[in-house]
Colleague: 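Have a look at this one before I ask anything.
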Amino acid sequence: MTPFLSIRDVSFGYGRTRDVRPVLSNVSIDIDRGSVVGLLGPNGSGKTTLLRIMSGVLAPRPGTVTLDGHALAALSRRDIARRIAVVAQETHSTFDFTALEMVLMGRYPHLGAFELEGADDLDIARRAMQTTGTAALEPRLFDTLSGGEKQRVVIASALAQASDMLLLDEPTAALDLRYQLEIATVLKALNDARQTTIVLSTHDLNLAAAVCERVVLLKQGTVLAAGPTRETLTADNIRALYDIDADVSFHDRAGHLTVVPLAAHR
């Protein structure tokens, strides 16, 4: 079966031709439709750059990315936005938009030039807010929301985009434990109910263990390991990835692996 998103021999570097700083080197991974995949790795490993390449914001140099067998580079920005939604680490509003208005922005790829949102778009936005538990926030100004509320509203906007794939960059960064659990619950529910394909970059190994069925471990721009979470998120791989010792065990009550960092590896 053809992978939903296929990345082949992708490399990338920032800077001018004579002074390129390599970030990714010969990365090849496949993302199956309906799967939840975690990108794990220390700072500077290339996770965010890889997400940007997956979303078509950056072009690999060299390498290829295909979506449903079609070259991503051949698709327009509007076509890509209809298929792939992106949730950044932080979202700021320059204007005083309400939460509902922020969610409605997800409908823009489906509107024609100078076309305004209609009743159907409003229904889609409100259903997305119901799904993410943000319906009560509809009239609130976005900038008055807590970090967790903002993140759930942004995820609702991505859902309103009606895309097949959701890319998230550190979705629980700077959130307290309650909101981390809420975001994890929302992502699992989206995948279960809608079969939304999800790729998330995270430093939170326990979030990845709880949500992701597969993980990709990136170190210095290369794939250290990739595969099913229970087979790949091991103490040996964590040591190789982060240079720390950790206890990895299956938690019966939680229903997934748990990772407890112990000490820097010596």
Side-chain angles (χ1 to χ4, degrees), residues 27 29-32 34-48 50-51 87-90 131-133 146-152 154-155 158 165-220 222-266:
V27 171
I29 58 175
D30 290 330
I31 309 294
D32 292 330
S35 63
V36 184
V37 178
L39 301 180
L40 307 179
N43 289 333
S45 59
K47 302 187 301 297
T48 297
L50 184 55
L51 282 181
V87 176
Q89 283 190 39
E90 293 185 29
T131 299
T132 55
S146 71
E149 289 169 338
K150 285 181 178 178
Q151 195 70 327
R152 284 186 290 139
V154 173
I155 291 173
M165 174 176 278
L166 187 58
L167 305 180
L168 302 103
D169 192 5
E170 297 287 351
T172 59
L175 300 183
D176 65 30
L177 186 58
R178 175 189 175 93
Y179 289 130
Q180 290 177 26
L181 292 172
E182 285 186 3
I183 296 301
T185 300
V186 166
L187 295 180
K188 290 179 70 174
L190 291 178
N191 181 254
D192 290 342
R194 299 190 178 195
Q195 286 297 292
T196 303
T197 306
I198 297 174
V199 180
L200 63 96
S201 160
T202 182
H203 286 295
D204 189 338
L205 301 184
N206 285 300
L207 172 68
V211 173
C212 302
E213 59 196 60
R214 299 180 67 83
V215 291
V216 177
L217 311 185
L218 286 173
K219 185 170 185 178
Q220 297 178 341
T222 63
V223 176
L224 178 70
T229 302
R230 291 186 67 171
E231 298 173 13
T232 309
L233 199 59
T234 64
D236 287 343
N237 280 339
I238 291 172
R239 183 183 301 114
L241 189 63
Y242 293 104
D243 202 26
I244 64 168
D245 291 320
D247 179 69
V248 183
S249 59
F250 186 82
H251 194 292
D252 289 329
R253 188 173 176 186
H256 56 75
L257 293 178
T258 57
V259 180
V260 179
L262 300 175
H265 182 61
R266 297 180 179 179

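Bear in mind the structure is a predicted one, so any value in this text is a computation, not a measurement.
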Colleague: Looking at Q151 and P171, would you say the former's side chain and the latter's main chain have a donor-acceptor pair under 3.5 Å?
Modeller: yes
Colleague: Just how far is it from atom CG of L167 to atom OG1 of T48, taken to the nearest 0.5 Å?
Modeller: 11.5 Å
Colleague: Do N206 and H256 get their side chains close enough for a donor-acceptor pair, meaning under 3.5 Å?
Modeller: no
Colleague: Can you check side chain to side chain contact (heavy atoms under 4.5 Å, CB included) on L50 and V216, steps first, answer last?
Modeller: CA-CA 11 Å; L50 184 55; V216 177; 5.6 Å; no
Colleague: Considering non-hydrogen atoms only, spot the tightest contact between V259 and P261 and give its length.
Modeller: O-CD, 3.7 Å
Colleague: Of the non-hydrogen atoms in A208 and L40, which two are nearest, and what is the gap between them?
Modeller: CB-CD2, 3.8 Å
Colleague: Please enumerate all residues that pass salt bridge (Lys or Arg N to Asp or Glu O under 4.0 Å) together with D252, with sequence neighbours excluded.
Modeller: none
Colleague: Using every non-hydrogen atom in the two residues, find where T196 and N191 come nearest and quote the distance to one decimal.
Modeller: O-ND2, 2.9 Å
Colleague: Any side-chain heavy-atom pair from K47 and D169 closer than 4.5 angstrom?
Modeller: no
Colleague: CD of Q195: more than 12 outside heavy atoms within 6.0 angstrom?
Modeller: yes
Colleague: Evaluate the criterion side chain to side chain contact (heavy atoms under 4.5 Å, CB included) for residue pair L166 and T197; output intermediate values, then yes/no.
Modeller: CA-CA 6 Å; L166 187 58; T197 306; over 6 Å; no
Colleague: Between A246 and A235, what is the shortest heavy-atom contact and its length?
Modeller: O-CB, 3.6 Å
Colleague: Applying side chain to side chain contact (heavy atoms under 4.5 Å, CB included) to T202 and V211, what does each step give before you reach the verdict?
Modeller: CA-CA 11 Å; T202 182; V211 173; over 6 Å; no
Colleague: Going from CG on L200 to CG on L39, what distance comes out if it is rounded to the nearest 0.5 angstrom?
Modeller: 7.5 Å
Colleague: Is T229 reaching over with its side chain to a backbone N or O of C212, donor-acceptor style, under 3.5 angstrom?
Modeller: yes
Colleague: From L241 CG over to L217 CG, what is the distance, rounded to the nearest 0.5 angstrom?
Modeller: 5.5 Å
Colleague: For residues I198 and L168, report the shortest heavy-atom separation together with the two atoms involved.
Modeller: CG2-CD1, 3.5 Å
Colleague: Pairs in or reaching into residues 170-187: which pass salt bridge (charged side-chain N to carboxylate O under 4.0 Å, His left out), with residues at least two apart or in two chains?
Modeller: R152-E182, R178-E182
Colleague: Using atom types as modelled and distance alone, determine if a side-chain donor or acceptor of T222 lies under 3.5 Å from a backbone N or O of K219.
Modeller: yes
Colleague: Is there side-chain contact between I155 and L190, with at least one heavy-atom pair below 4.5 Å?
Modeller: yes
Colleague: Would you mind listing every salt bridge (charged side-chain N to carboxylate O under 4.0 Å, His left out) that reaches into residues 191-205, with sequence neighbours excluded?
Modeller: none
Colleague: How close do I238 and L205 get, counting heavy atoms only, and between which atoms?
Modeller: CD1-CD1, 4.0 Å
Colleague: Using a 3.5 Å distance criterion without hydrogens, assess whether the side chain of E149 forms a donor-acceptor pair with backbone atoms of S146.
Modeller: yes
Colleague: Which of these, D236, N237, D243, sits in a side chain to side chain donor-acceptor pair (under 3.5 Å) with R239?
Modeller: D236
